[in-house]
Colleague: 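A single structure is presented below for examination.
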Amino acid sequence: MPPIESPLSKGYNSLHWRRTHAAQVKFWYKQRLLTPFLMSLLVVGSIAYDTIETPLAKRDNVLGGSAPFFAYAAGFFCPVQMVGVVGADWLPEYTEMFRKQGVDTAGIEIVPDGKTFRWSGKYHKNMNDRDTLETQLNVLGTFQPKLPENYRRSQFVFIGNGAPSTGLAVLEQLQGADLVVADTMNLWINTTRPDLDALMKRIDGLVINDSEAMLLTGEINTVVAARRVLTMGPKFVIVKKGEHGAMFVSEYETYVIPAFPVENVVDPTGAGDSFAGGLMGYIASQQGNLDGETIKNALVYGTITASVGIEGFSFDRYKGITRSDIDERRETFRKMTSF
Ligand code: AMP
């Protein structure tokens with residue numbers, strides 16, 4: 001029997017993803033008939049109070065963490081469900097900020113006698129490299145995610161930076177998501193490798209920094225490292241290269257994109273998560289289509305959301321920014337890069 005034609009199956013074919021006929025029927029049915037009800041993007045990750053020092057300024061205990069940066073950026077494109085944990089020091093004004101951005105915070109657990117995760121970092125003069133000064137896991141250290149019932153049908157899932165065991169616990173509770181992408185970093189690569197390896201086998205895509213891709217694989221060339229990641233489970237990998245842009249690699253496709261040139265970099269914290277948020281938010285808004293055009297547009301939107309966020313500390317720059325501002329910068333970027 002010939003495969004059922006749908007824009008989605010074409011997209012997945014471009015990644016050479018093989019589906020059984022039954023799975024294609026289920027997928028097509030969900031896509032065509034249920035998408036308006038089911039289209040949702042779930043993120044799980046750290047929620048933090050960050051202390052950031054740059055060569056020009058310092059801020060104490062500002063909102064950060066992988067889940068907030070991802071969720072806010074993705075909120076420009078689609079509804080988002082955020083899963084994470086905070087302590088009694090969580091400020092209700094943040095819940096309100098996310099609500100306004102279309103982010104559902106019912107998945108945030110508040111531990112009444114706990115303290116929110118804290119991270120502090122200091123940027124070098126180039127504003128690209130940084131040193132972690134302190135990591136206090138606090139409530140994140142014992143976090144056991146429990147998804148609200150309506151989160152379990154999420155089609156698109158992003159497992160942000162955090163213990164890989166948390167990502168695995170979330171995947172156990174999902175009713176079979178269509179696209180699962182994860183991020184990771186040196187702390188987890190160095191300390192929880194068996195869990196990370198298990199997680200890698202259950203994800204479709206990995207978004208990772210160039211230096212972390214090298215740490216993960218032992219390779220010194222980013223393209224070789226990306227190819228090595230593909231042997232560990234994911235069907236595609238996106239390597240983030242800071243101010244040098246990003247690269248998408250699957251078995252048969254490679255796309256590269258420069259970074260948007262930002263003159264006024266104030267605080268690069270969260271750029272990677274905002275990049276992933278714009279990227280996944282756009283893919284979810286296209287119902288998970290993964291054809292080449294959609295992937296390239298998703299890389300562009302990720303690049304744009306990241307470039308906006310780094311122009312201010314924490315979430316400062318996002319205030320007042322709308323989807324049309326994002327699209328305006330996208331147009332500027334298009335003119336810069338088309339040839
Ligand atoms: P990025 O700049 O995209 O790497 O993201 C930085 C954010 O990650 C900060 O807001 C931190 O709170 C958070 N973060 C730092 N270290 C960790 C960690 N070990 N696990 C989870 N999140 C972290």
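Remember, it's 1-based here, ligands and their atoms both numbered in the order they're listed. These values consider heavy atoms only, across backbone and side chains, with no hydrogens, waters or symmetry-generated copies.
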Colleague: Counting each atom of ligand 1 from 1 as listed, which ones have a heavy atom of Met185 under 4.0 Å away?
Modeller: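 Ligand 1 atoms under the 4.0 Å threshold to Met185: 16 (N), 17 (C), 18 (C), 19 (N).
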Colleague: Enumerate the atoms of ligand 1 whose separation from the nearest heavy atom of Asp50 is less than 4.0 angstrom.
Modeller: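 Going through ligand 1 atom by atom, the ones under 4.0 Å from Asp50 are 9 (C), 10 (O), 11 (C), 12 (O).
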Colleague: Does any N or O atom in Ser46 lie less than 3.5 angstrom from one in ligand 1, N or O only?
Modeller: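 In this structure, Ser46 places an N or O atom under 3.5 Å from an N or O of ligand 1.
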Colleague: Quick one: does any side-chain atom of Ser274 pair with a main-chain N or O of Ala73 as donor and acceptor, under 3.5 Å?
Modeller: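 The answer is no, because no donor-acceptor pair under 3.5 Å joins these two groups.
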Colleague: Can you tell which part of Leu187 has a heavy atom less than 4.0 Å from ligand 1: side chain, backbone, both or neither?
Modeller: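 Side chain only.
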Colleague: Which of the numbered atoms in ligand 1 are under 4.0 angstrom from any heavy atom belonging to Gly65?
Modeller: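 Under 4.0 Å from Gly65, ligand 1 has these atoms: 9 (C), 10 (O), 12 (O).
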Colleague: Does a salt bridge link Arg130 with Glu53, judged by any charged N lying under 4.0 Å from a carboxylate O?
Modeller: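 Result for this pair is no, no salt bridge flagged.
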Colleague: Heavy atom under 4.0 Å from ligand 1: found in Thr269's side chain, backbone, both, or neither?
Modeller: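 For Thr269, backbone and side-chain atoms both sit under 4.0 Å from ligand 1.
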Colleague: At their closest point, which heavy atom of Ala284 faces which heavy atom of Phe156, and how far apart are they?
Modeller: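 Residues Ala284 and Phe156, closest heavy atoms: CB-CD1, 3.6 Å.
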Colleague: Pull out every atom of ligand 1 sitting under 4.0 Å from any heavy atom of Ala48, numbered as shown with elements.
Modeller: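 Heavy-atom distances to Ala48 below 4.0 Å select 12 (O).
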Colleague: Decide whether the shortest distance between a heavy atom of Glu212 and an atom of ligand 1 is less than 4.0 Å.
Modeller: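 Flag not set, Glu212 not near ligand 1.
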Colleague: Any N/O of Phe69 closer than 3.5 Å to an N/O of ligand 1?
Modeller: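 No, there is no polar N/O contact under 3.5 Å.
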Colleague: Could you see which bit of Ala271 sits under 4.0 Å from ligand 1, with heavy atoms only: side chain, backbone, both or neither?
Modeller: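 Looking at Ala271 and ligand 1, just backbone atoms fall under 4.0 Å.
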Colleague: Do other residues, nucleotides or ligands put more than 12 heavy atoms under 6.0 Å from the CD atom of Glu328?
Modeller: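 No, because the 6.0 Å sphere around CD of Glu328 holds 12 heavy atoms or fewer from other groups.
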Colleague: At what distance, to the nearest 0.5 angstrom, does NZ of Lys240 lie from OG1 of Thr303?
Modeller: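 Spacing of NZ (Lys240) from OG1 (Thr303) equals 11.5 Å.
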Colleague: Answer yes or no: does an N/O atom from Thr135 fall short of 3.5 Å to an N/O atom of ligand 1?
Modeller: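 No.
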Colleague: Decide whether an N or O pair under 3.5 Å exists between Gly162 and ligand 1.
Modeller: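 Checking ligand 1 against Gly162, no N or O pair falls under 3.5 Å apart.
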Colleague: Which protein non-hydrogen atom lies closest to atom 16 (N) of ligand 1, naming both residue and atom, and how far is it?
Modeller: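 Closest protein heavy atom to atom 16 (N) of ligand 1: Trp119 CD1, 3.5 Å.
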Colleague: Below 4.0 angstrom, N of the basic side chain to O of the carboxylate: do Lys58 and Asp60 qualify?
Modeller: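 Result for this pair is yes, salt bridge flagged.
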Colleague: Which residue in the set Asp129, Asn128, Thr269, Thr54 passes side chain to side chain donor-acceptor pair (under 3.5 Å) when paired with Tyr123?
Modeller: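 Exactly one option meets the side chain to side chain donor-acceptor pair (under 3.5 Å) with Tyr123, and it is Thr269.
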Colleague: Compare every heavy atom of Ala182 with every heavy atom of Ile203, then report the nearest pair and how far apart it is.
Modeller: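 Smallest interatomic distance, heavy atoms only, reads CD1-CB, 3.9 Å.
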Colleague: Could you walk me through whether Trp90 and Thr116 pass side-chain hydrogen bond (donor to acceptor under 3.5 Å, both in side chains), step by step?
Modeller: CA-CA 7 Å; Trp90 177 246; Thr116 299; over 6 Å; no
Colleague: Do NZ/NE/NH1/NH2 and the carboxylate oxygens of Arg323 and Asp327 come within less than 4.0 Å?
Modeller: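 Salt bridge flag = yes for Asp327 with Arg323.
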Colleague: Starting from atom 2 (O) of ligand 1, what is the nearest protein heavy atom, named by residue and atom, and what distance separates them?
Modeller: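 Its nearest protein heavy-atom neighbour is Gly270 N, 2.7 Å.
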Colleague: Any atoms of ligand 1 less than 4.0 Å from a non-hydrogen atom of Gly64? List them with their elements.
Modeller: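 So the answer, numbered in order with elements, is 10 (O).
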Colleague: State plainly whether the residues Asp131 and Lys122 are in salt-bridge range, i.e. N to O under 4.0 Å.
Modeller: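 No.
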Colleague: What atoms of ligand 1 come closer than 4.0 angstrom to any heavy atom of Trp188?
Modeller: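 Here the atoms of ligand 1 in question are 18 (C), 19 (N), 20 (N).
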Colleague: In the protein, which heavy atom is nearest to atom 14 (N) of ligand 1, and how far is it?
Modeller: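 Sorting protein heavy atoms by distance from atom 14 (N) of ligand 1 puts Phe117 CE2, 4.0 Å first.
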Colleague: Specify side chain, backbone, both or neither for Lys240, according to which of its non-hydrogen atoms lie closer than 4.0 Å to ligand 1.
Modeller: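 For Lys240, there is no contact with ligand 1 at all, from either part.
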Colleague: Mark yes when over 12 heavy atoms from residues, nucleotides or ligands other than Glu331 sit less than 6.0 Å from its CD; otherwise mark no.
Modeller: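 Counting other residues, nucleotides and ligands, CD of Glu331 exceeds 12 neighbours.
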Colleague: Would you call Arg329 and Asp325 a salt bridge, taking side-chain N to carboxylate O under 4.0 Å as the test?
Modeller: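 Answer for the salt bridge query: no.
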Colleague: Is the closest N or O pair between Gly272 and ligand 1 shorter than 3.5 Å?
Modeller: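 Min N/O separation from ligand 1 is below 3.5 Å for Gly272.
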Colleague: Enumerate the atoms of ligand 1 whose separation from the nearest heavy atom of Asp273 is less than 4.0 angstrom.
Modeller: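 Counting atoms of ligand 1 from 1, those under 4.0 Å from Asp273 are 1 (P), 3 (O), 5 (O).
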Colleague: Starting from atom 4 (O) of ligand 1, which protein heavy atom do you reach first, and at what distance in Å?
Modeller: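 The answer is Arg130 NH2, 2.9 Å.
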